[in-house]
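Taking it in order: structure first as structure tokens, then the write-up.
No experiment lies behind these values; they were computed from the predicted model shown. Throughout, a chain's letter reflects where its sequence line sits, starting with A, and its residues are numbered from 1. Below, each value reflects all heavy atoms present in this structure, side chains not excepted, and no hydrogens, waters or symmetry copies.
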Amino acid sequence: MIISTNFFTQPTLTVARALLGQRLVREVDNLRLSGLIVETEAYIGPTDSANHASKGRTPRTEVMFGPPGRAYVYLIYGMYHMLNIVTEPAGFPAAVLIRAIEPVEGIAAMQANRLTAHSPANLTNGPGKLCQALGLDTSLNNFDVTQGRQLWLEATDTLPDDVVAAGPRVGIGYAAPQDQAAPWRFRIRDNKFGSR
DNA sequence: TCATTGATGCGCT
DNA sequence: GCGCATCAATGAT
């Protein structure tokens, strides 16, 4: 079943935790690429200094202030794209970053998108990698991921708590100490498709 | 550990 | 408008 807007309207930490184990689907040229989400991070509101939107509304962060269930896709380091899903009611800037998936469908096509990946385990085990594997770029920024076309999420079983691990987020050295320390990164314990 | 890479947003004219 | 520092990372070294 396609995950709906109501799901993404929930508190960001709830969404980040609940997305683990759900299926991310990309459809391009009638070909279906998909994987199970194994790692996420939450970016929550104006007081989270790690959040791009904490410095206010700009053209780039406008999407995060918009309705939930939209994709926030941006370019980092001039070469890699990051996929986030906007959460919480419009007006409150928050999103969940999809950091890693376990590839399931369309693995050959993912390989073709990522010629530098020399093993299947390296296809989607990082936020930049999964965007490359799935062919995601800024043309999908602000795209509604609840419509079941091009890019969407499908519900699977909810994971039990004992396989979920929480820890501090990655790559946010510019943020305030308490925000760097916040355990807002979620991953499936012992999953070999997580990022490093 | 280091180079890569270009959009973004800031501070200034 | 223009220049500059900065960056939710990756792959090769």
Side-chain angles (χ1 to χ4, degrees), chain A residues 8 11-13 15-17 19-20 24 35 37-66 68 70-88 92-103 110-143 145 151 153 165-188 191-196:
Chain A
F8 298 108
T12 309
L13 289 176
V15 174
R17 158 68 178 83
L19 277 179
L20 291 179
L24 176 67
I37 296 173
V38 301
E39 186 175 335
T40 62
E41 282 179 1
Y43 290 86
I44 312 176
T47 60
D48 173 13
S49 63
N51 185 356
H52 290 162
S54 65
K55 297 182 184 69
R57 282 184 189 245
T58 68
R60 182 204 210 185
T61 60
E62 189 61 32
V63 183
M64 295 186 76
F65 289 86
R70 303 293 187 91
Y72 167 44
V73 184
Y74 65 91
L75 186 69
I76 190 89
Y77 302 119
M79 33 183 19
Y80 299 109
H81 296 278
M82 305 273 123
L83 170 64
N84 303 251
I85 313 295
V86 175
T87 55
E88 314 214 26
F92 185 82
V96 172
L97 169 68
I98 311 296
R99 283 196 61 87
I101 65 174
E102 175 177 335
M110 294 187 199
Q111 286 274 16
N113 286 336
R114 281 191 35 74
L115 297 176
T116 55
H118 296 117
S119 93
N122 276 334
L123 277 178
T124 57
N125 61 338
K129 295 178 183 179
L130 76 89
C131 285
Q132 197 176 2
L134 298 180
L136 302 175
D137 59 31
T138 55
S139 68
L140 287 161
N141 191 38
N142 202 27
F143 184 82
V145 301
L151 181 67
L153 293 104
R169 294 170 291 178
V170 183
I172 52 165
Y174 56 89
Q178 72 272 16
D179 292 327
Q180 290 191 44
W184 291 354
R185 174 188 186 206
F186 299 90
R187 60 208 148 87
I188 299 181
N191 186 288
K192 64 179 177 183
F193 296 95
S195 72
R196 59 184 170 184

Q | Contacts of A:His81 that satisfy ring-ring contact (aromatic ring centres under 6.0 Å, His included) - sequence neighbours left out | A | none

Q | Residues in side chain to side chain donor-acceptor pair (under 3.5 Å) contact with A:Asn191, at least two apart in sequence or another chain | A | A:Glu102

Q | Side-chain (A:Asn51) to main-chain (A:Gly45) donor-acceptor, under 3.5 angstrom | A | yes

Q) Which dot-bracket notation, 5' to 3', represents the base pairing of DNA chain C when pairs are defined as Watson-Crick or G-U with both distances under 3.5 Å, crossing pairs as [ ], and inter-strand pairs as |? A) |||||||.||||.

Q: Kindly write out the residues that satisfy side-chain contact (heavy atoms from CB on, under 4.5 Å) with A:Pro168, not counting sequence neighbours, or none if the list is empty.
A: none

Q | Side chains of A:Ile188 and A:Ile37 in contact at under 4.5 Å (non-hydrogen atoms) | A | no

Q | Base orientation of C:dA5, syn vs anti, 90° cut from 0 | A | anti

Q: For A:Tyr80, check side-chain contact (heavy atoms from CB on, under 4.5 Å) against everything at least two apart and list the hits.
A: A:Ile76, A:Met82

Q. Is there a residue in residues 177-186 of chain A whose heavy atoms reach under 4.0 Å of DNA chain C, and which residues are they?
A. none

Q. Mind checking whether A:Phe8 and A:Leu153 have side chains closer than 4.5 Å, heavy atoms only?
A. yes

Q.
To the nearest 0.5 Å, what is the distance between CD on A:Glu62 and OH on A:Tyr72?
A. 11.5 Å

Q) Which residue pairs pass the side chain to side chain donor-acceptor pair (under 3.5 Å) test with at least one member in residues 168-187 of chain A, sequence neighbours excluded? A) A:Glu39-A:Arg185, A:Asp48-A:Arg169, A:Ser49-A:Asp179

Q: Can you sort out the partners of A:Ser139 under side chain to side chain donor-acceptor pair (under 3.5 Å), two or more places apart, ordered by chain and number?
A: A:Asp137

Q: Could I get the full list of side chain to side chain donor-acceptor pair (under 3.5 Å) partners for A:Thr40, not counting sequence neighbours?
A: none

Q.
What does the B/S/- profile of nucleotides 5-10 of chain C look like, 5' to 3', with a 4.0 Å heavy-atom cutoff to protein?
A. --BBBB

Q | For chain A, the stretch of DNA chain B it reaches, first to last nucleotide, under 4.0 Å of its heavy atoms | A | B:dT4 to B:dG9

Please output the side-chain donor-acceptor pairs of residues 120-127 of chain A that fall under 3.5 Å, not counting sequence neighbours, one pair per line with the distance.
from	atom 1	to	atom 2	distance (Å)
A:Asn122	OD1	A:Asn125	ND2	3.3
A:Thr124	OG1	A:Ile101	O	2.6
A:Asn125	OD1	A:Lys129	NZ	3.0
A:Asn125	ND2	A:Ala121	O	3.4

